[in-house]
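Note that these values count all heavy atoms, side chains included, but never hydrogens, waters or copies made by symmetry.
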Amino acid sequence: MKAGRHLDLGCGKKPRNPYGYDQLFGIDIVRHTELANNVDFRLSNLTMEPIPYPAGHFDAVSAFDFIEHIPRILPSGITTTRFPFIELMNEIWRVLKPDGTFYALTPAYPGVEAFQDPTHVNIITDSTHEYFCGDDPYARNYGFKGKFAVMRAEWIDGKNANTADWSWRKTVRGWHRTVTQGKKTHFLWELRALK
């Protein structure tokens with residue numbers, strides 16, 4: 001374990017901590033009574049609410065099989081709309097410390113896994129992260145206020161990505177699954193918050 005704070009979005013019963021920080025926080029839309037005692041848990045619907053922590057609070061934030069559940073657009077009154085996914089990306093950037101890391105793993109298009117769950121409402125591609133990165137992110141057109149730099153963005157074996165550390169064994173296991181099962185189904189974003 002290393003000193004720092006990590007937040008896992010949509011954490012379920014077992015919040016993940018891909019960087020091994022010593023303080024673990026989790027948010028979910030459902031309260032789970034089976035959580036370990038060392039997890040600071042908050043109940044929140046991140047489609048409708050901001051992340052309930054102060055700005056610059058976390059060294060890292062993760063989202064395992066989560067961002068595909070956040071709608072891209074919702075009506076807000078008769079003549080206006082909201083962009084919950086853009087709002088969530090703003091919130092992730094807000095709660096990260098300068099140079100903090102966002103680690104997101106999601107089933108992505110064209111994989112059938114992106115569509116098979118009826119609660120997947122935000123189809124991610126291997127280019128979606130680019131809207132939030134660079135000197136002038138295109139998502140600014142939709143209200144994005146932050147800025148990320150790409151550390152890593154790649155197709156991976158979703159069963160082999162619970163930690164950010166990549167050993168040769170993980171690489172070989174991922175390659176073996178790809179050869180025997182035919183494809184990689186998840187896309188990984190590892191983005192650094194520029195502040």
Side-chain angles (χ1 to χ4, degrees), residues 4-11 16-19 21 25 27 29 44-77 79-111 113-115 119-156 158 161 164 166 184-195:
R5 290 188 289 259
H6 180 80
L7 172 63
D8 189 32
L9 305 176
C11 66
R16 298 177 196 177
N17 189 359
Y19 298 102
Y21 285 115
F25 300 75
I27 294 177
I29 196 168
S44 185
N45 179 346
L46 296 179
T47 294
M48 306 303 289
E49 303 169 305
I51 295 175
Y53 291 99
H57 194 68
F58 294 102
D59 296 282
V61 172
S62 60
F64 288 86
D65 293 291
F66 175 72
I67 60 176
E68 69 274 13
H69 297 278
I70 302 297
R72 289 188 180 222
I73 190 167
L74 286 176
S76 178
T79 59
T80 59
T81 56
R82 289 183 49 236
F83 300 104
F85 181 50
I86 301 292
E87 293 167 4
L88 177 65
M89 292 301 293
N90 274 330
E91 283 295 296
I92 291 165
W93 182 82
R94 180 187 67 80
V95 300
L96 282 169
K97 294 178 179 178
D99 294 324
T101 307
F102 178 44
Y103 188 92
L105 179 71
T106 186
Y109 175 83
E113 294 77 7
F115 300 98
T119 66
H120 289 181
V121 295
N122 183 8
I123 304 306
I124 303 300
T125 75
D126 57 5
S127 300
T128 304
H129 67 283
E130 294 172 5
Y131 278 69
F132 306 99
C133 298
D135 290 332
D136 188 23
Y138 194 80
R140 289 212 195 297
N141 294 318
Y142 310 112
F144 181 60
K145 298 175 179 94
K147 187 189 313 184
F148 288 99
V150 178
M151 297 168 60
R152 184 168 50 161
E154 63 184 325
W155 287 97
I156 64 165
W166 290 93
K184 295 182 180 180
T185 61
H186 285 63
F187 201 76
L188 172 72
W189 300 356
E190 195 169 12
L191 308 178
R192 183 168 46 90
L194 301 175
K195 296 187 176 191

Colleague: So, do Phe148 and Leu96 sit near enough that their side-chain heavy atoms are less than 4.5 Å apart?
Modeller: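 They are in side-chain contact.
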Colleague: Shortest non-hydrogen contact from Ile27 to Pro52?
Modeller: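 Result for this residue pair: CD1-CD, 3.5 Å.
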Colleague: Assess the residue pair Leu9 and Ile51 against the criterion (side chain to side chain contact (heavy atoms under 4.5 Å, CB included)); give the C-alpha distance rounded to whole Å, side-chain angles, the decisive distance to 0.1 Å, and a yes or no.
Modeller: CA-CA 9 Å; Leu9 305 176; Ile51 295 175; 4.2 Å; yes
Colleague: Any idea how Phe83 and Tyr142 line up, ring-wise: parallel (<30°), tilted (30 to 60°), or perpendicular (>60°)?
Modeller: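 Plane angle between 30° and 60°, so tilted.
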Colleague: For the residue pair Leu74 and Met48, what are the closest heavy atoms and their distance?
Modeller: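 For Leu74 and Met48, the tightest heavy-atom pair comes out as CD1-SD, 4.4 Å.
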Colleague: Given the rule in the side chain to side chain contact (heavy atoms under 4.5 Å, CB included) test, do Glu91 and Leu46 qualify, once you have shown the distances and angles that lead to the verdict?
Modeller: CA-CA 9 Å; Glu91 283 295 296; Leu46 296 179; over 6 Å; no
Colleague: Kindly say whether Arg72 contributes a backbone atom to a donor-acceptor pair with the side chain of Asn122 at under 3.5 angstrom?
Modeller: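 Absent.
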Colleague: Is the shortest heavy-atom distance from the side chain of Tyr103 to the side chain of Arg16 under 4.5 Å?
Modeller: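 Of all side-chain heavy-atom pairs linking Arg16 with Tyr103, none is under 4.5 Å.
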Colleague: Could you pull out the closest heavy-atom pair between Ile86 and Phe132, with the gap in Å?
Modeller: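 Closest approach of Ile86 to Phe132: CD1-CE2, 3.8 Å.
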Colleague: For the pair Met89 and Tyr131, evaluate side chain to side chain contact (heavy atoms under 4.5 Å, CB included) and give the outcome as yes or no after the intermediate values.
Modeller: CA-CA 10 Å; Met89 292 301 293; Tyr131 278 69; over 6 Å; no
Colleague: Within the structure provided, determine whether Lys147 and Arg140 are in side-chain contact (heavy-atom separation under 4.5 Å).
Modeller: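 Lys147 reaches Arg140 side chain to side chain.
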Colleague: Between Tyr21 and Tyr19, what is the ring plane arrangement, given parallel below 30°, perpendicular above 60°, and tilted in between?
Modeller: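 The rings of Tyr21 and Tyr19 sit tilted, inter-plane angle from 30° to 60°.
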Colleague: Are Lys195 and Trp93 in a cation-pi contact, defined as NZ or CZ under 6.0 Å from the six-membered ring centre and within 45° of the axis?
Modeller: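 Here Lys195 passes the 6.0 Å and 45° test against Trp93.
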Colleague: Does the plane of the ring in Phe115 sit parallel, tilted or perpendicular to the ring in Tyr109? Use 30° and 60° as the thresholds.
Modeller: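 The arrangement is perpendicular - the two ring planes meet at more than 60°.
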Colleague: For residues Pro18 and Phe64, determine if any side-chain heavy atom of one lies less than 4.5 Å from a side-chain heavy atom of the other.
Modeller: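 Pro18 reaches Phe64 side chain to side chain.
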Colleague: In terms of heavy-atom contacts, does CG of Asp135 have more than 12 from other residues, nucleotides or ligands at under 6.0 Å?
Modeller: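 Open.
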Colleague: Is Asn90 reaching over with its side chain to a backbone N or O of Gly143, donor-acceptor style, under 3.5 angstrom?
Modeller: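 Such a contact is found between Asn90 side chain and Gly143 backbone.
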Colleague: Could you walk me through whether Lys97 and His57 pass side chain to side chain contact (heavy atoms under 4.5 Å, CB included), step by step?
Modeller: CA-CA 6 Å; Lys97 294 178 179 178; His57 194 68; over 6 Å; no
Colleague: I'd like to know if Asp99 pairs up with Arg192 as an ion pair, taking the criterion as any Lys NZ or Arg NE/NH1/NH2 lying under 4.0 Å from an Asp or Glu carboxylate oxygen.
Modeller: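 Result for this pair is yes, salt bridge flagged.
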